[in-house]
Amino acid sequence: MNVTQQRALDRQVMGWLDEAHTRILKRLDQHFHVSTKDGARDLVTDVDRETEQFYVGKIHEYNPHANILSEEGYGDAVSSLAGQVWFVDPIDGTMNFVTEHAEFATMLAVFEDGKPLLAWIMDVVNHEVIHGGPELGIWQNEQVLATPLNRDLNEGLMILSGYRLLRGEMALPEIARQALGFRIYGSAGISFMHVLRGQAVGYLSAMRPWDYAAGIVLAQSLQLRVGRVDGQPIDVLQSGSVVVATPSTYASIMTIEQSN
Ligand code: IPD
Ligand code: CA
Ligand code: CA
């Protein structure tokens, strides 16, 4: 897909996101059903399912041959990155969605034959979308987003997964100690947005493909570093502990991890 086609697709998906924004906020004012998946803290609602069905319908209208890897089961069983593959997380931060009615995101990413093309993360309540790709550049709504300053871990905020920090997983306690400060947002999408805007120097969590696909496309396009904490190459079809950070922070985190 050339850059002109990418620009047209970006505009089209921004239209889907406008519609998703209206639908999701309207549903927040109505009753919706909440149930659990893998334990009491893993929530899913009617709105997660409806939003995923909405995106799957739009993607299939756009490209009937696209494969979709999505969280709630309305996509496909994707085992290869051949052709056009979409990643969909309809509501990211469902716990925040249910309890706070704020600080949740919706995320989409598209790859072509393994190559990242475009991604979108929307902070739904604030109607802010970070979008673009390696060839198109990165935007927040209509404004170009610049590469964040290359600040080190001790010069900025590090975003972590709360439960994993409590359990002392990876080297999270030491990373939190060495950071200027640390934050826990409960939404991978909202966390990625902070790093993409340069408000935080990094984010580290164990994530599933739809949690991080969009974030890594946008981050790499802004010259941020992304990788797995175990040093293995990222396979976007697999779950894993993924770090996104400024180059300096990334190096500091990997040093801490290796001496852990
Ligand atoms: C979750 C959130 C959370 C992260 C979990 C994700 P969901 O996504 O992004 O911050 O720590 O690993 O599963 O389930 O609300 O889409
Ligand atoms: Ca989700
Ligand atoms: Ca998620």
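Nothing here was measured: the structure is a model prediction, and the numbers come from that model. As a basis for the values below, the full set of heavy atoms in this structure was taken, side chains included, without hydrogen atoms, waters or symmetry mates.
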Stepwise side-chain contact (heavy atoms from CB on, under 4.5 Å) check, Asn150 with Thr246: CA-CA 5 Å; Asn150 186 17; Thr246 65; 3.5 Å; yes
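- Thr94 and Asp48 share a donor-acceptor pair across their side chains, judged by distance under 3.5 Å alone.
- Contact check for Glu257 versus Ile175: side-chain heavy atoms found under the 4.5 Å cut-off.
- The salt bridge (charged side-chain N to carboxylate O under 4.0 Å, His left out) check on Asp211 picks up Arg208, with sequence neighbours excluded.
- With hydrogens and angles ignored, the 3.5 Å screen pairs no side-chain donor or acceptor of Thr36 with any backbone N or O of Leu43.
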Hey, mind stepping through Leu118 and Val13 against side-chain contact (heavy atoms from CB on, under 4.5 Å) and telling me if it holds? CA-CA 10 Å; Leu118 295 168; Val13 176; over 6 Å; no
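- To the nearest 0.5 Å, the span separating CD on Gln140 from CG on Leu218 amounts to 11.0 Å.
- No more than 12 heavy atoms of other residues, nucleotides or ligands shown are found within 6.0 angstrom of CG on Asp38.
- Criterion: ILVMFWY side-chain heavy atoms under 4.5 Å apart, direct or through other members. Under it, Met207 and Leu108 are not part of a common hydrophobic cluster.
- For the pair Asn2 (side chain) and Thr4 (backbone), a donor-acceptor distance under 3.5 Å is present.
- Both Val98 and Leu28 belong to a common hydrophobic cluster when Ile, Leu, Val, Met, Phe, Trp and Tyr are linked at side-chain heavy-atom distances under 4.5 angstrom.
- Residues Met170 and Leu160 share a hydrophobic cluster, clusters being chains of Ile/Leu/Val/Met/Phe/Trp/Tyr side chains in contact below 4.5 Å.
- Residue Ile59 is grouped with residue Met122 when hydrophobic side chains (ILVMFWY) are merged at heavy-atom distances under 4.5 angstrom, including chains of intermediate members.
- The two residues Val78 and Val85 come nearest to each other via the heavy atoms CG1-CG1, 4.0 Å.
- Nearest heavy-atom pair across Glu112 and Met1 is OE1-N, 3.3 Å.
- Between Ile130 and Phe192 the shortest side-chain heavy-atom distance does not fall below 4.5 Å.
- No donor-acceptor distance shorter than 3.5 angstrom exists from the side chain of Ser241 to the backbone of Ser205, with no hydrogens or angles considered.
- Taking CG of Leu136 as the reference point, atom OG of Ser221 lies at 9.5 Å (rounded to 0.5 Å).
- Residue Glu142 qualifies as open at atom CD: its count of foreign heavy atoms under 6.0 Å is 12 or below.
- Counting heavy atoms from C-beta on, the side chains of Met14 and Leu17 come closer than 4.5 Å.
- Heavy-atom neighbours of Gln30 CD from other residues, nucleotides or ligands within 6.0 Å: above the threshold of 12.
- Linking ILVMFWY side-chain heavy atoms closer than 4.5 Å, directly or via other members, places Leu81 and Ile68 in two distinct hydrophobic clusters.
- The main-chain N or O of Asp92 is found under 3.5 Å from a side-chain atom of Ser187 such that the two form a donor-acceptor pair.
- Annotation for Ser35 and His33: closest pair CB-CE1, 4.0 Å, computed over non-hydrogen atoms.
- Residues Glu135 and Lys115 meet the side-chain proximity criterion, which asks for heavy atoms closer than 4.5 Å.
- For Glu71 (side chain) and Pro90 (main-chain N/O), no donor-acceptor pair under 3.5 Å exists by modelled atom type.
- For the pair Leu196 and Ile121, the tightest heavy-atom approach, listed with the atom from each and the gap, is CD1-CD1, 4.4 Å.
- Aromatic ring centres of Tyr74 and Tyr55 lie farther apart than the 6.0 Å criterion allows.
- By the 4.0 Å N-to-carboxylate-O rule, Arg23 lies too far from Glu50 to be salt-bridged with it.
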List the steps, then state whether side-chain contact (heavy atoms from CB on, under 4.5 Å) holds for Glu61 with Trp16. CA-CA 12 Å; Glu61 237 171 70; Trp16 304 348; over 6 Å; no
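- How far CZ of Arg7 is from CG of Asp10: 9.0 Å, rounded to the nearest 0.5 Å.
- Looking at Asn154, its side chain never comes within 3.5 Å of a backbone N or O of Ala179 through a donor-acceptor pair.
- Ring geometry, His127 versus His21: the interplanar angle falls under 30°, so the pair is classed parallel (tilted spans 30 to 60°).
- For the pair Arg164 (side chain) and Leu204 (backbone), a donor-acceptor distance under 3.5 Å is absent.
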Given Val110 and Gln84, is the side-chain contact (heavy atoms from CB on, under 4.5 Å) satisfied, shown in steps? CA-CA 7 Å; Val110 57; Gln84 193 175 89; 3.5 Å; yes
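- Of all the heavy atoms in Val125 and Phe104, the pair that sits closest is CG2-CE2, 3.7 Å.
- Between Trp86 and Trp120, the angle of the ring planes stays under 30°, which puts this pair in the parallel group of the 30/60° scheme.
- Of the inter-residue distances, the one linking Tyr203 atom OH with Thr249 atom OG1 reads 16.0 Å to the nearest 0.5 angstrom.
- Counting only heavy atoms from C-beta outward, the side chains of Val226 and Val244 approach each other to under 4.5 Å.
- Here the side chain of Glu52 pairs a donor or acceptor atom with the backbone of Gly73 at under 3.5 angstrom.
- With values rounded to the nearest 0.5 angstrom, Ser161 atom OG is found 7.5 Å from Ile184 atom CD1.
- Using cut-offs of 30° and 60° for the angle between ring planes, the His194 and Tyr185 rings count as parallel.
- What you find for Arg228 and Met254 is that their closest heavy atoms are O-CE, 3.4 Å.
- For the pair Asn96 (side chain) and Glu103 (backbone), a donor-acceptor distance under 3.5 Å is present.
- Under the 4.5 Å side-chain criterion, counting only non-hydrogen atoms from C-beta, Leu180 is not in contact with Arg151.
- Looking at Asn141, its side chain never comes within 3.5 Å of a backbone N or O of Glu128 through a donor-acceptor pair.
- Interatomic distance, CD1 of Ile159 versus OG of Ser191, reported as 4.5 Å (0.5 Å rounding).
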